Amino acid sequence: MTPEDPVADLGGLAEASVEILVVLSGGAAHGYAIKTAVERETGRTLGPGTLYAALARLEERGLIEPLPSDDRRQPYRLTGRGSQVLAAELTRLQALANRGLERLGRTAE
Amino acid sequence: MTVDPLLRLYPARWQHRYATEMDALLADEPPGLRARLDLAVGALDAHLHPWWVPAWPVAAAAAGGVAWTFAGAVALGQPVPPDWPGYLQETLPVFLAASPLLLLATLGASTRLGPWDPVAVRAGRPIAVVGWVAWMLLLVAAVANLGAGAPLAFAATASAAGILLIGIALLGAGDWGAGGALLVAALVLVIPAPWSAAAFGVAWTVAAIAELRDPRPRPRTTGRLA
């Protein structure tokens with residue numbers, strides 16, 4: 001069974017997954033680097049269990065992939081499909097944000 | 001290699017794939033109470049959403065199904081009529097022993113679609129767990145002669161509802177063998193007939209065979225672990 005929407009189908013992990021994909025869109029990173037980047041960029045704590053639950057699902061869906069490493073730290077990078085899915089998801093979120101701000105009488109910065 | 005004890009809560013396959021890097025993460029940032037709780041929830045999630053085929057659902061369904069079939073067959077042949085005191089007293093301990101196995105089998109069946117949980121599985125799993133746990137507690141009361149007839153039927157109905165939802169989800173994903181067996185198990189569980197207990201056990205045994213013949217969660221195609 002292949003999910004129709006690889007991000008929406010992540011359920012409670014969708015938000016963390018998008019944040020992880022955004023971090024990886026800037027280049028390959030390992031778990032600790034992803035965690036600290038997400039926390040720095042969103043101000044939200046990302047627990048190690050949540051991080052790896054999301055990483056496992058993203059890897060399962062082929063949106064990220066591990067890179068060879070001699071270290072105990074395993075770097076991941078965005079795949080081509082991950083890049084496409086992230087772009088589509090961010091476009092959807094942008095449209096949602098624009099629509100909401102417009103209805104509130106405000107404009108996006 | 002020594003890893004954080006909390007990582008031991010994860011399934012063996014998960015540990016093989018992720019424990020080293022997760023341990024490196026925990027070395028970089030030693031976990032506090034909140035992070036430890038998050039790891040425990042993550043371990044539960046990993047058990048419920050495998051990408052591999054775990055062996056325990058098949059084992060639990062087979063052992064529970066055979067035990068339930070045996071107890072049901074014995075109950076069918078016992079001379080005490082259903083409306084007499086003492087009916088099923090000899091077989092209640094066997095049903096009680098088989099119940100946690102079938103609770104595990106129910107949870108196992110709910111993992112057959114891998115990391116993707118349809119709504120029916122998300123709804124059916126907690127309903128089935130509540131039903132099974134209530135059923136077991138009430139069965140203990142029945143074994144102790146405390147009487148639990150009507151609540152026991154209610155608990156069985158809740159279990160059946162949960163199993164039915166999971167069965168429907170499996171059928172929806174084209175998992176005909178296990179899904180069909182669960183559907184039958186759910187239906188016979190709520191039928192108040194002398195043969196229904198044995199039929200429930202047979203349905204779970206069939207489910208175990210179907211799960212063995214058609215493993216669902218697929219191994220990942222990327223990553224270090226095939």
Side-chain angles (χ1 to χ4, degrees), chain A residues 1-14 16-17 20 24 28-40 44-82, chain B residues 1 3-4 6-7 9-11 13-14 17-46 48-52 112-119 122 169-170 172-175 216-225:
Chain A
M1 179 177 146
T2 304
E4 292 296 322
D5 183 339
V7 173
D9 198 50
L10 287 161
L13 289 167
S17 299
I20 290 168
L24 292 179
H30 54 69
Y32 180 63
I34 295 170
K35 182 180 185 308
T36 51
V38 167
E39 291 175 352
R40 188 178 59 247
R44 212 165 54 84
T45 304
L46 182 61
T50 305
L51 170 65
Y52 272 89
L55 284 176
R57 283 168 172 79
L58 292 172
E59 192 184 344
E60 168 69 31
R61 286 159 171 75
L63 305 184
I64 64 172
E65 61 187 2
L67 292 172
S69 170
D70 296 329
D71 192 6
R72 292 174 70 213
R73 296 165 165 176
Q74 172 66 63
Y76 292 90
R77 74 176 170 200
L78 208 59
T79 62
R81 179 160 186 259
Chain B
M1 183 183 68
V3 298
D4 191 286
L6 265 176
L7 298 182
L9 294 177
Y10 280 80
R13 184 69 73 98
W14 179 283
R17 170 64 184 83
Y18 291 110
T20 303
E21 56 184 287
M22 287 180 86
D23 202 47
L25 170 72
L26 299 181
D28 283 331
E29 189 179 86
L33 184 64
R34 195 169 163 187
R36 290 191 166 278
L37 186 65
D38 186 68
L39 275 173
V41 173
L44 178 65
D45 174 79
L48 290 176
H49 300 100
W51 71 79
W52 62 94
R112 277 179 62 75
L113 300 181
W116 304 293
D117 273 349
V119 176
R122 271 178 267 165
L170 295 183
D175 190 359
R216 282 275 146 170
R218 291 158 301 191
R220 55 185 51 206
T221 51
T222 58
R224 292 176 298 187
L225 190 71

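On a predicted model such as this, the values are computed, not experimentally measured, just so you know. Naming convention: chains lettered A, B, ... in sequence-line order (proteins, then strands); numbering from 1 in each chain.
- Nearest approach of B:Ala24 to A:Arg72, heavy atoms of both residues: N-NH2, 3.8 Å.
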Q | Criterion side chain to side chain contact (heavy atoms under 4.5 Å, CB included) on A:Leu51 and B:Leu25, from CA distance to verdict | A | CA-CA 10 Å; A:Leu51 170 65; B:Leu25 170 72; 3.9 Å; yes
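- Of the two parts of B:Leu37, neither the backbone nor the side chain holds a non-hydrogen atom closer than 4.5 Å to a non-hydrogen atom of chain A.
- Taken from CG in B:Asp45 to OG1 in A:Thr50, the straight-line distance is 8.5 Å, to the nearest 0.5 Å.
- Minimum heavy-atom separation, A:Pro48 to B:Met22: O-CE, 4.1 Å.
- Around the CZ atom of A:Arg44, the shell of radius 6.0 Å holds more than 12 heavy atoms that belong to other residues, nucleotides or ligands.
- Two residues are said to be in side-chain contact when any heavy atoms from C-beta on lie closer than 4.5 Å; A:Tyr52 and B:Trp14 meet this criterion.
- Residues B:Leu39 and A:Gly49 come closest through the heavy atom pair CD2-N, 3.9 Å.
- Residue contact with chain A, scored on non-hydrogen atoms closer than 4.5 Å, involves the backbone and the side chain of B:Ala35 alike.
- Salt bridge absent: A:Lys35 and B:Asp28 never bring a charged side-chain N and a carboxylate O closer than 4.0 Å.
- Using a 4.5 Å cut-off on side-chain heavy atoms (C-beta onward), B:His49 and A:Glu60 make no contact.
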